[in-house]
Protein chains: 2
Amino acid sequence: MNIKDVAKLAKVSKSTVSRVLNNPERVNAEMRQRVLEVVRETGYRPNALAKELVIKETRLIGVIVPRINTNVFADIVEGITLRLSENGYNVILLCSKADEAIEISHFEFLQKKQVDGIIFFPGNMTLALRKLINTLPTPLIILGLDDPLIKRSVVSYDEYKSSKAIVEHFIRQGHKQIAFIGIDKERSPVGQERKLGYTDALRTHDLPLNIDYIYEGSFELQSGFEGAKHVFSKSVIKPTAVFAATDYLAIGAINYLQSQGLSIPEDVSVAGFDDLEISVFFNPSITSIKFDYFHSGEVAAQFVIENIQEPSIIRKYILGFQIINRDSTSEL
Amino acid sequence: MNIKDVAKLAKVSKSTVSRVLNNPERVNAEMRQRVLEVVRETGYRPNALAKELVIKETRLIGVIVPRINTNVFADIVEGITLRLSENGYNVILLCSKADEAIEISHFEFLQKKQVDGIIFFPGNMTLALRKLINTLPTPLIILGLDDPLIKRSVVSYDEYKSSKAIVEHFIRQGHKQIAFIGIDKERSPVGQERKLGYTDALRTHDLPLNIDYIYEGSFELQSGFEGAKHVFSKSVIKPTAVFAATDYLAIGAINYLQSQGLSIPEDVSVAGFDDLEISVFFNPSITSIKFDYFHSGEVAAQFVIENIQEPSIIRKYILGFQIINRDSTSEL
DNA sequence: TTGAAAGCGCTAACAC
DNA sequence: GTGTTAGCGCTTTCAA
């Protein structure tokens with residue numbers, strides 16, 4: 001069933017059917033009725049491929065993320081999807097596993113598919129990727145990473161500032177021995193930003209940087225456990241506070257510390273990052289940094305729509321954060 | 001830049017360019033080199049819309065889910081996405097908010113977009129939806145709900161059997177006063193299945209059904225708290241065990257019980273459902289039912305691919321479950 | 001207002 | 001092996 005068949009059945013031309021579907025006001029009521037009747041009876045669905053080939057607009061946005069099933073990415077993707085659909089756009093979702101080769105092939109795929117725009121959360125930034133991003137003819141929004149050499153709108157998270165803020169929060173509470181359980185450079189650039197916030201906070205407040213206080217592993221809960229074990233067995237003077245680069249890591253760390261008979265926060269304060277839904281119900285409830293990831297997805301969606309209409313606009317949006325002070329941390 | 005431009009630059013015909021890109025072995029090496037050279041230099045990307053209009057295959061699968069940012073759906077979507085992309089398919093992701101009208105409009109959208117297949121996780125099943133599902137010309141896989149009147153391949157979760165199993169686990173441990181904290185009928189059909197497993201387990205073992213032991217609310221943590229409060233304030237004889245229909249609800253319930261000075265599991269055993277990543281690290285670690293949602297997504301992907309090749313095949317896959325016995329439950 | 005015809009960028013017979 | 005041509009299903013001038 002195509003437009004020609006409908007036209008025949010309604011005894012009108014293809015053009016008229018097309019008009020009824022796209023500019024109904026431009027066709028007189030009687031014919032319009034005839035056509036709509038046929039459309040209803042036959043269940044005719046206009047072929048979007050053919051239409052889009054002509055109008056050069058697919059109303060499709062490509063979304064490239066390293067993963068989907070983590071709180072952060074799932075929130076972002078839902079924010080993007082909902083906001084886009086409010087504006088008549090839909091999402092082709094692509095998972096990159098933070099692998100550059102996959103990312104590049106996704107870009108090629110999306111170009112072929114003629115998407116109207118792309119929202120990209122890079123794993124790591126490389127030369128090849130940066131070049132690709134700067135030369136791609138498609139509207140493109142970068143998520144999570146503000147590279148000065150990239151001329152695109154960006155939605156980023158102030159990993160550095162927020163990390164620094166929570167470490168300074170510890171310092172204000174009188175802590176001087178502060179450990180950091182983070183994420184490997186190789187695994188994510190995010191880990192480095194959060195680490196830098198930590199080291200700079202110490203430096204700013206003239207506290208020594210103790211290499212034994214730093215552990216960098218993976219995102220997994222287990223890595224938080226390992227990290228705390230590492231830090232607390234290695235160091236001579238034990239830390240009084242631990243900044244974990246995610247709430248999962250914080251929970252893992254708390255588990256280790258409690259298994260060693262330490263009380264949180266009486267013996268050690270522990271803070272996390274990302275404020276999981278369960279963090280408030282954990283025992284002790286976890287002090288954390290909260291970003292509204294869902295909203296960042298909405299903003300990215302807004303940006304890409306804006307860029308489709310006005311490609312020259314470059315915006316930078318840095319998502320605000322909150323320190324949520326709970327029972328896992330206390331004054332020294 | 002289109003195929004005609006490339007042809008001109010390479011001094012060959014459009015067909016030759018097309019062949020180089022789709023059946024390179026059918027064109028001699030010299031011309032192939034010339035064409036590939038031009039493609040590389042110009043960065044030409046063939047327009048997939050035009051191609052797909054001819055070959056009638058988009059290699060796109062529509063995925064309709066109620067939400068994205070919950071552990072369950074995020075896992076499913078990632079499973080689908082990864083498995084599909086291994087097979088050269090990609091995903092258009094649509095969020096329905098479990099709203100029938102939105103679901104129906106998504107189906108229409110996907111038909112127009114000429115997707116090769118659809119994977120659909122319905123909110124609730126209605127007459128209109130069932131009819132649509134049975135008549136849609138597109139290969140379609142149903143997720144999460146095995147309706148006897150639907151003639152499609154299905155991937156489902158044995159909510160009933162698993163719920164019954166965990167309640168029977170309680171019964172084997174000597175519990176007789178078992179409460180249920182579930183989810184409103186209106187919110188999700190899943191809630192009812194889990195409740196049925198609960199009531200049937202009691203019935204099977206000749207235990208009385210006490211209406212005061214049942215609370216049905218939302219998915220939220222807070223609802224678990226409220227549920228426990230409700231059950232424990234209302235009942236004369238207090239329950240010795242609580243089956244919560246999700247781990248979030250279990251955590252909420254545990255929080256309430258602990259706030260009342262009760263020890264878990266000494267005073268009350270609490271079991272959850274879905275085995276969140278944090279459940280093992282919670283204090284006490286939570287007894288739960290584990291489904292491999294990621295894998296269910298992979299299976300759905302497999303089914304839809306199979307249906308594209310062989311539309312007549314109808315398969316039913318019921319995902320297995322495991323009871324994970326941890327510290328939140330014990331013998332009476 | 002309506003219809004005829006050209007064209008979007010590609011593939012696939014078919015003839016050479 | 002290569003080019004010519006028709007056609008996929010739609011929109012959009014243009015003329016009537």
Side-chain angles (χ1 to χ4, degrees), chain A residues 1-39 42-60 88 108-116 137-138, chain B residues 1-39 42-60 88 108-116 137-138:
Chain A
M1 180 60 48
N2 60 30
I3 198 171
K4 212 170 148 189
D5 301 327
V6 174
K8 212 170 289 173
L9 287 172
K11 299 188 206 309
V12 297
S13 72
K14 292 193 303 176
S15 332
T16 299
V17 176
S18 177
R19 283 191 204 100
V20 169
L21 265 23
N22 296 301
N23 308 90
E25 71 286 357
R26 286 199 206 161
V27 39
N28 89 35
E30 192 197 343
M31 295 197 124
R32 188 168 51 208
Q33 282 317 311
R34 262 196 355 242
V35 171
L36 289 175
E37 184 59 25
V38 173
V39 168
T42 59
Y44 165 64
R45 297 275 176 271
N47 185 324
L49 298 176
K51 173 175 184 168
E52 293 160 1
L53 183 58
V54 177
I55 68 171
K56 298 186 180 329
E57 185 193 49
T58 56
R59 294 249 147 199
L60 241 29
E108 189 175 331
F109 169 78
L110 292 173
Q111 277 188 272
K112 293 191 201 160
K113 286 287 188 185
Q114 311 294 118
V115 296
D116 293 345
T138 315
Chain B
M1 179 61 46
N2 60 30
I3 198 170
K4 213 169 148 190
D5 301 327
V6 174
K8 212 169 290 174
L9 287 173
K11 299 189 208 308
V12 298
S13 70
K14 292 193 303 176
S15 334
T16 299
V17 176
S18 178
R19 282 190 205 101
V20 169
L21 265 24
N22 298 300
N23 308 89
E25 71 286 357
R26 286 200 205 162
V27 39
N28 90 33
E30 194 197 342
M31 294 197 125
R32 188 167 51 208
Q33 282 316 312
R34 257 185 14 231
V35 172
L36 288 175
E37 184 59 24
V38 173
V39 168
T42 59
Y44 165 64
R45 297 277 176 269
N47 185 325
L49 298 176
K51 172 174 184 167
E52 292 160 2
L53 182 58
V54 177
I55 67 170
K56 297 186 180 330
E57 186 193 49
T58 57
R59 294 250 149 200
L60 240 30
E108 189 174 333
F109 170 77
L110 291 173
Q111 277 188 273
K112 292 190 201 161
K113 285 288 189 185
Q114 312 294 119
V115 295
D116 294 345
T138 315

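Values below: all heavy atoms of this structure, side chains included; hydrogens, waters and symmetry mates excluded. All chains are named by letter (A, B, ...) in the order of the sequence lines, taking the proteins before the strands, and each is independently numbered beginning at 1.
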*asked:* The criterion is side chain to side chain donor-acceptor pair (under 3.5 Å); which residues satisfy it with B:Lys51, sequence neighbours excluded?
replied: B:Asn22
*asked:* Going by side chain to side chain contact (heavy atoms under 4.5 Å, CB included), name the residues that satisfy it together with B:Thr58, two or more places apart in sequence or in a different chain.
replied: A:Leu49, A:Lys113, B:Glu52, B:Leu60, B:Gln114, B:Asp116
_Summary of protein contacts for nucleotides 7-16 of chain C, nucleotide by nucleotide, where a base hit scores B, a sugar-phosphate-only hit scores S (4.0 Å, heavy atoms)_ = BBBBBBB---
*With axes from five pairs an end, tell me the bend angle of the helix from C:dT1-D:dA16 to C:dC16-D:dG1, nearest 10°.*
40°
*Please examine the side chains of B:Leu9 and B:Tyr44, heavy atoms only from C-beta on, and report whether any two atoms are closer than 4.5 Å.*
no
_Side-chain touch A:Val35/A:Val12, heavy atoms, less than 4.5 angstrom_ = yes
*Send over the distance from A:Glu57 CD to D:dC10 P, rounded to a whole Å.*
17 Å
*Hey, could you give me each pair passing side chain to side chain donor-acceptor pair (under 3.5 Å) that has a residue in residues 23-38 of chain A? Not counting sequence neighbours.*
A:Glu37-A:Arg40
*Looking at side-chain heavy atoms only, is the closest gap between A:Asn47 and B:Leu53 below 4.5 Å?*
yes
*Quickly work out the B:Arg34 CZ to D:dG1 P distance and round it to whole Å.*
16 Å
*asked:* In whole Å, I'd like the distance from the CD atom of A:Gln33 to the P atom of C:dT2.
replied: 13 Å
*Write out all pairs satisfying salt bridge (Lys or Arg N to Asp or Glu O under 4.0 Å) with one or both partners inside residues 2-13 of chain B, taking only residues at least two apart or from two chains.*
none
